[in-house]
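We number each residue from 1, following the sequence as shown.
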Amino acid sequence: YLTVERGADIARLGEMAAKLAPDMAEAHRMLALGYHLSLRLDEVAAEYKRTLELDPTSKVSRGSLADLYRASGKSEEALALYNEQLAVDPKDRASRTGKVISLFDLDRPDEANRELEAALSDEPRNLALLTGGSYWLAAHNSYEKAADLAQKAVAIEPRYTWAQIAFARSLVGMKRPIEAERSMRYAQKYGKFPTMTYELASVLSSMGLYEEAADVLRESFTIK
C-alpha cells in the first residue's frame with residue numbers, strides 16, 4: 001500500500017498494528033505515513049512524536065517531523081530537529097537542506113547562506129538543496145541566485161520537474177520568459193500534475209499569452 005501511495009489503507013493497517021502493539025515504534029511510523037499521505041496533518045505530527053518517544057534513534061521519523069513542522073510554518077521547531085539529526089550525522093543530506101531552508105524562513109539570511117555554501121562545498125551535487133534553495137530564493141525575489149542554483153540542479157538531473165519549475169520561476173523574474181517556457185515545456189515530458197500546468201500558465205501569462213495560459217489551466221482546473 002505504501003508503494004502505491006494508498007494512504008487510507010496504510011492508516012487502517014497502521015491503526016490495527018498500533019492497537020496490537022502500542023509500544024512498537026514501527027507501527028506508529030507506518031500509521032504516521034498513512035496519515036501523511038491522507039493529509040491528516042495534525043495526526044501525522046502526533047504519530048511521528050510518538051515514534052520518536054519509542055525510538056529516539058529513528059532518523060526517518062525525526063526528518064519527517066522536521067519537514068512537517070517546516071511546511072506548516074513552525075521553522076524554529078523544524079530547525080531544532082534538523083540540528084539534532086546533524087549532531088548524530090553531520091553529513092545528512094536531507095537535514096542540511098532542511099536547515100538551510102528553515103534559516104531562510106526564520107529571516108536569518110547570513111546563517112542560511114553560510115550553511116548553503118558549506119553544504120554545497122561538501123557535496124556540490126546535492127540536488128534537493130540546489131532545488132529547494134532555488135525555489136525559496138525565487139519565491140523571495142532573489143532571482144539571479146535562484147537561477148544559478150536551479151541551473152546547477154537541472155545540469156545534474158534535467159528530468160527533475162521541481163528543478164525545472166524553480167529555474168522557470170527565476171527566469172521569469174529575470175524577464176527571460178521565452179527561456180522559462182522552454183524549461184517548462186521540457187519538464188512536461190517527465191511530469192504532469194496541477195502545479196506543472198499552473199507554472200506553465202504563469203509563464204505564458206507573463207508573456208501576455210493569456211488565451212494560451214487559460215487553455216493550459218483548463219488541463220488541470222475548472223472554474224465555477
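- The heavy-atom pair separating A201 from A213 by the smallest distance is O-CB, 3.5 Å.
- The pair E53-R50 meets the salt-bridge criterion, since a charged nitrogen lies less than 4.0 angstrom from a carboxylate oxygen.
- When all heavy atoms of I10 and M30 are compared, the closest pair comes out as CG2-O, 3.4 Å.
- What you find for L37 and E5 is that their closest heavy atoms are CD1-CA, 3.9 Å.
- Crowding of Y198 atom OH: a count of heavy atoms from other residues, nucleotides or ligands under 6.0 Å not exceeding 12.
- Between A180 and V172, the closest heavy-atom pair is CB-CG2, 3.7 Å.
- Using cut-offs of 30° and 60° for the angle between ring planes, the Y48 and H36 rings count as perpendicular.
- Between I101 and Y135, the closest side-chain pair of non-hydrogen atoms is not below 4.5 Å.
- We find the OH-CG distance between Y160 and L130 to be 11.0 Å, quoted to the nearest 0.5 Å.
- For the pair F167 and S134, the minimum side-chain heavy-atom distance is 4.5 Å or more.
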- Task: I would like to know whether L129 and R93 meet side chain to side chain contact (heavy atoms under 4.5 Å, CB included); could you show each step before the answer?
- Result: CA-CA 8 Å; L129 179 55; R93 178 185 293 187; over 6 Å; no
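- We find the CZ-CZ distance between R108 and R114 to be 9.5 Å, quoted to the nearest 0.5 Å.
- Of the inter-residue distances, the one linking L137 atom CG with S170 atom OG reads 9.5 Å to the nearest 0.5 angstrom.
- In this structure, the separation between CG on D42 and CG on L68 is 9.0 Å, given to the nearest 0.5 Å.
- Using modelled atom types, no side-chain atom of H28 and backbone atom of D23 make a donor-acceptor pair closer than 3.5 Å.
- Among all heavy-atom pairs drawn from A18 and L31, the shortest one is CB-CD2, 4.4 Å.
- When E47, E84, R62 are each tested for a side chain to side chain contact (heavy atoms under 4.5 Å, CB included) with L52, only one passes: R62.
- In this structure, M207 is a member of the same hydrophobic cluster as M196, with clusters built from ILVMFWY side-chain heavy atoms closer than 4.5 Å.
- Hydrophobic clustering, with ILVMFWY side chains joined whenever heavy atoms are under 4.5 angstrom apart, groups V203 together with I178.
- Between atom CG of residue L116 and atom NZ of residue K145 there is a gap of 5.0 Å, rounded to the nearest 0.5 Å.
- Between E219 and K192, at least one side-chain nitrogen of the basic residue sits less than 4.0 Å from a carboxylate oxygen of the acidic one, meeting the salt-bridge criterion.
- Note: R176 CZ to E181 CD = 15.0 Å, rounded to the nearest 0.5 Å.
- For E26 and R29, the salt-bridge test passes: some basic side-chain N is under 4.0 Å from an acidic carboxylate O.
- Ring geometry, W136 versus H140: the interplanar angle falls under 30°, so the pair is classed parallel (tilted spans 30 to 60°).
- Taking 4.0 Å as the cut-off between side-chain N and carboxylate O, K152 and D148 count as a salt-bridged pair.
- Judged by distance alone, the side chain of T161 and the main-chain N or O of A187 form no donor-acceptor pair under 3.5 Å.
- Grouping the Ile, Leu, Val, Met, Phe, Trp and Tyr side chains by contacts below 4.5 angstrom, directly or via other members, places L54 apart from L20.
- Summarising the local packing, CE of M16 is surrounded by 12 or fewer heavy atoms from other residues, nucleotides or ligands at distances under 6.0 Å.
- A salt bridge between R70 and D105 is absent, with no side-chain N of the basic residue lying under 4.0 Å from a carboxylate O of the acidic one.
- L217 places none of its side-chain heavy atoms less than 4.5 Å from the side chain of I223.
- Here L103 sits in one hydrophobic cluster together with L79, L106; the rule is ILVMFWY side chains under 4.5 Å apart, joined directly or through other members.
- For the pair Y210 and S205, the minimum side-chain heavy-atom distance is below 4.5 Å.
- Taking the charged nitrogens against the carboxylate oxygens, K74 and E77 have no contact shorter than 4.0 Å, which rules out a salt bridge.
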- Task: Take E157 and T131 through the side chain to side chain contact (heavy atoms under 4.5 Å, CB included) test and state the conclusion after the steps.
- Result: CA-CA 11 Å; E157 180 47 271; T131 303; over 6 Å; no
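- When hydrophobic clusters are built by joining Ile, Leu, Val, Met, Phe, Trp and Tyr residues whose side-chain heavy atoms come closer than 4.5 Å, directly or via intermediates, L127 is not grouped with V154.
- V60 belongs to no hydrophobic cluster with other residues, because no ILVMFWY side-chain heavy atom falls under 4.5 Å from its own, directly or through intermediates.
- Other members of the cluster containing Y143 are M174, with ILVMFWY side chains joined at under 4.5 Å, either directly or via other members.
- A163 approaches A150 most closely through the heavy-atom pair O-CB, 4.1 Å.
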- Task: Please lay out, stage by stage, how T51 and L65 fare under the test side chain to side chain contact (heavy atoms under 4.5 Å, CB included).
- Result: CA-CA 10 Å; T51 304; L65 182 58; over 6 Å; no
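- Between E115 and R96 there is no salt bridge, since no side-chain N of the basic residue sits under 4.0 Å from a carboxylate O of the acidic one.
- Note: the hydrophobic cluster containing Y82 does not contain F104 (ILVMFWY, side chain heavy atoms under 4.5 Å, direct or indirect links).
- With a 6.0 Å radius and a threshold of 12 heavy atoms from other residues, nucleotides or ligands, R12 has its CZ atom above the threshold.
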